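Report on the structure given below.
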Amino acid sequence: KAGADGKENNKDKFAQQTLDLSQKLKDAQVEADEINYQEQLFGWPKTKYQSVGQMVNQLEPYLKLWTIVSNFGSSYSKWMGGPFSGLDPEKIEGDVGDMFRNI
């Protein structure tokens, strides 16, 4: 998809990259917890992995933003380019309200 300035619109790509990064960080947190559990079994001091949790928390607003941008773009195309008779005003109002509240 091309934007008004002729450049490719990357909203869906950014949303997917943010989602992928979020999943990798969550996987890293699970692995850190598993390592801590194994360290506990051996009676070793636990390694501190607070930076992983901090990165998950720091990424969360961006994940929300890009997910909302991607969802809005998909919905907007349907609203503006689809058949008018297929629109459900209550659903649209609810979706837009949810997007607004989450931003």
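By convention here, the first residue in the shown sequence is residue 1. Everything numeric here is computed off the predicted structure, so don't read it as measured data.
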Got a sec, which residues hit side chain to side chain donor-acceptor pair (under 3.5 Å) with Gln54, two or more places apart in sequence or on another chain? none

I'd like a table of donor-acceptor pairs (distance under 3.5 Å, sequence neighbours excluded) in which one partner is a side-chain atom from residues 58-70, with atom names and distances.
unit_1, atom_1, unit_2, atom_2, d
Thr67, OG1, Leu63, O, 2.7
Ser70, OG, Asp12, OD1, 2.5

In this structure, would Leu21 and Leu19 fall into the same cluster of hydrophobic residues linked by side-chain contacts under 4.5 Å? no

N/O donor-acceptor pairs under 3.5 Å from side chains in residues 24-44, not counting sequence neighbours:
unit_1, atom_1, unit_2, atom_2, d
Asp27, OD1, Gln23, NE2, 2.9
Gln29, OE1, Gly53, N, 3.3
Gln29, NE2, Asp33, OD1, 3.1
Glu34, OE2, Gln38, NE2, 3.1
Asn36, ND2, Glu39, OE1, 3.0
Asn36, ND2, Thr47, O, 2.9
Glu39, OE1, Thr47, N, 2.8
Glu39, OE1, Thr47, OG1, 3.4
Glu39, OE2, Thr47, OG1, 2.5

Without placing hydrogens or testing angles, list every side-chain donor-acceptor pair under 3.5 Å for residues 80-100, not counting sequence neighbours.
unit_1, atom_1, unit_2, atom_2, d
Asp88, OD1, Glu90, N, 3.3
Lys91, NZ, Asp95, OD2, 2.9
Asp98, OD1, Arg101, NH2, 2.5

